[in-house]
There are 2 protein chains.
Amino acid sequence: MSATHIDVPMPVPADHDCPTREILDLIGDKWSVLIVVLLGKRTLRFGELHRGIEGISQRMLTLTLRALVRDGLVTRTPYTTVPPRVDYSLTELGRTLLVPLSALDAWAHAHRDDIRAARERHDSPG
Amino acid sequence: MSATHIDVPMPVPADHDCPTREILDLIGDKWSVLIVVLLGKRTLRFGELHRGIEGISQRMLTLTLRALVRDGLVTRTPYTTVPPRVDYSLTELGRTLLVPLSALDAWAHAHRDDIRAARERHDSPG
DNA sequence: CGGGATCCAGTTCGATACTG
DNA sequence: CAGTATCGAACTGGATCCCG
């Protein structure tokens, strides 16, 4: 109860309702970014995405795609052919996201060695 | 066994070893981005971060900060005072990350309405 | 004040099997 | 080919207690 001294000297804006949270709901998962980047190259079928993203299960691919469609970043176009076929591509909104995502990708490219070095420095037993 | 036709017409580069994966390991979680953005404003103490990021538990704050330190994005500076005190701030590497992150933030800010609209359109029962 | 350790609930996710 | 359904394992994350 008795605080030694008040501890709220500087409020720190701390944008609670800032859109950062919302975008993290979009791409703050393991697969969304990879899918968007891949679809940025061209329209892809379900199976192509599945093979294109190593390690993803069909379950997660389905769920993630559904979320991206829901958020208006991706369109889903099914064809009633035999065998069936579904095309996925970015919407215009999705393509605009590609821009800042590419910046992030470029950063990752540029600094991957720095990060690896930092990790090894930290993990090194010596 | 008898596939109706081979299904590997176009390889799809599919950068498996691309750095996108690595950056997702960094910021592809719920809190890292928020912490980095917050530390982008100024150095903060543990408690300030805790209060600044609504909803985070001290456990996750500790774990996330530890990971950020490990990856070389954040420095941890403890002082042996009474009561103890620990400052966290971005490293130079962390500050460079701030740039593409701001771009992403700007995108989120600019398109939040689009996303909300898309969601409501999709979720609307009618 | 700034954590570490433990316990526990909720969620995520992959493997598998099945459908149209 | 493109999913859906189910299950169990793994991880996440919060609450609580304790220590320097």
Side-chain angles (χ1 to χ4, degrees), chain A residues 1-10 12 21 24-35 38-39 43-70 74-89, chain B residues 1-10 12 21 24-35 38-39 43-70 74-89:
Chain A
M1 299 293 241
S2 59
T4 54
H5 74 98
I6 310 304
D7 63 353
V8 195
M10 308 192 61
V12 181
R21 303 295 269 266
L24 287 176
D25 287 340
L26 286 186
I27 62 161
D29 68 273
K30 215 169 171 172
W31 306 112
S32 295
V33 170
L34 294 170
I35 292 175
L38 216 53
L39 288 180
T43 294
L44 289 172
R45 299 179 55 175
F46 184 88
E48 291 176 316
L49 281 167
H50 198 183
R51 285 188 302 277
I53 301 175
E54 189 157 272
I56 196 171
S57 64
Q58 42 165 220
R59 176 188 141 91
M60 286 316 297
L61 181 54
T62 299
L63 290 178
T64 308
L65 282 171
R66 207 183 295 172
L68 291 174
V69 170
R70 186 191 120 122
V74 167
T75 59
R76 178 183 184 275
T77 310
Y79 299 95
T80 57
T81 56
V82 177
R85 160 188 177 171
V86 181
D87 280 356
Y88 290 93
S89 58
Chain B
M1 297 301 244
S2 59
T4 53
H5 73 97
I6 310 304
D7 62 352
V8 195
M10 307 192 63
V12 180
R21 303 296 269 267
L24 287 177
D25 286 341
L26 286 187
I27 62 162
D29 68 275
K30 214 170 171 172
W31 306 111
S32 295
V33 171
L34 294 171
I35 291 175
L38 217 53
L39 288 180
T43 295
L44 289 171
R45 299 179 56 175
F46 184 88
E48 292 177 315
L49 280 168
H50 197 183
R51 285 188 301 277
I53 301 174
E54 189 157 272
I56 196 171
S57 65
Q58 58 173 196
R59 176 187 140 93
M60 287 316 296
L61 181 54
T62 299
L63 290 178
T64 308
L65 282 171
R66 208 184 297 173
L68 291 173
V69 169
R70 187 191 119 119
V74 167
T75 59
R76 179 183 185 275
T77 310
Y79 298 95
T80 58
T81 58
V82 177
R85 159 188 178 172
V86 182
D87 281 356
Y88 290 93
S89 59

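FYI, side chains are in, hydrogens and waters are out, and symmetry mates aren't considered; it's all heavy atoms of this structure. Note that the structure is predicted; figures quoted are calculated from it, not measured. Proteins get letters first, then strands, A, B, ... in listed order; numbering begins at 1 in each.
In terms of position along DNA chain C, the nucleotide closest to B:Gly47 lies nearer the 5' end than the nucleotide closest to the other residue of the pair B:Gly47 and A:Trp31.
Here A:Thr62 pairs with nothing under the side-chain hydrogen bond (donor to acceptor under 3.5 Å, both in side chains) rule; sequence neighbours left out. Taking B:Thr80 as the reference, nothing meets the side chain to side chain contact (heavy atoms under 4.5 Å, CB included) condition, with sequence neighbours excluded. Considering only residues two or more places apart in sequence or on other chains, B:Val33 meets the side chain to side chain contact (heavy atoms under 4.5 Å, CB included) condition with A:Thr20, A:Leu24, B:Ile27, B:Val37, B:Leu101. Taking A:Asp25 as the reference, nothing meets the side-chain hydrogen bond (donor to acceptor under 3.5 Å, both in side chains) condition, with sequence neighbours excluded. With sequence neighbours excluded, the residues forming a side chain to side chain contact (heavy atoms under 4.5 Å, CB included) with A:Val74 are A:Leu39, A:Leu68, A:Val69, A:Tyr88, A:Leu90, listed by chain and number. Every residue was checked against the side chain to side chain contact (heavy atoms under 4.5 Å, CB included) condition with A:Pro84, not counting sequence neighbours, and none meets it.
When every heavy atom of A:Gln58 is checked against every heavy atom of A:His50, the shortest pair comes out as N-NE2, 3.6 Å.
For the pair B:Leu44 CG and C:dG3 P, the interatomic distance rounds to 13 Å; values are reported in whole Å. The nearest whole Å value for the distance from the CG atom in B:Leu49 to the C1' atom in C:dG2 is 12 Å. Atom CG of A:Leu63 is separated from atom C1' of C:dT11 by 13 Å (rounded to the nearest Å). Distance A:Arg66 CZ to D:dA2 C1': 12 Å, rounded to the nearest Å. Following rounding to the nearest Å, A:Ile53 (CD1) and C:dG14 (C1') show an atom-to-atom distance of 16 Å. The CZ atom of A:Arg76 sits 16 Å away from the P atom of D:dC1 (whole-angstrom rounding). Atom CG in A:Leu65 sits about 16 Å away from atom P in D:dC1, given to the nearest Å. In this entry the distance linking CG of B:Leu61 with C1' of C:dC1 reads 13 Å, nearest Å.
Heavy atoms of B:Tyr88 sit under 4.0 angstrom from primed sugar atoms or phosphate atoms, though from no base atom. Residue contacts shown for A:Lys30 are absent, as no nucleic acid heavy atom lies under 4.0 Å away.
End-to-end axis angle for the helix from C:dC1-D:dG20 to C:dG20-D:dC1, using five pairs per end and rounding to 10°, comes out at 40°.
Identified under the salt bridge (Lys or Arg N to Asp or Glu O under 4.0 Å) test for residues 61-70 of chain A, with sequence neighbours left out: A:Arg70-B:Asp123.
Counting only heavy atoms from C-beta on, B:Met60 has its side chain closest to D:dG14 among D:dT4, D:dG14, C:dC1.
Judged purely by atom type and a 3.5 angstrom limit, B:Ser32 uses its side chain to pair as donor or acceptor with the backbone of B:Leu26.
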Would you list the protein and nucleotides 16-20 of chain D atom pairs, both N or O, that sit under 3.5 Å from each other?
residue	atom	partner	partner atom	Å
D:dT16	O4	B:Gln58	OE1	3.4

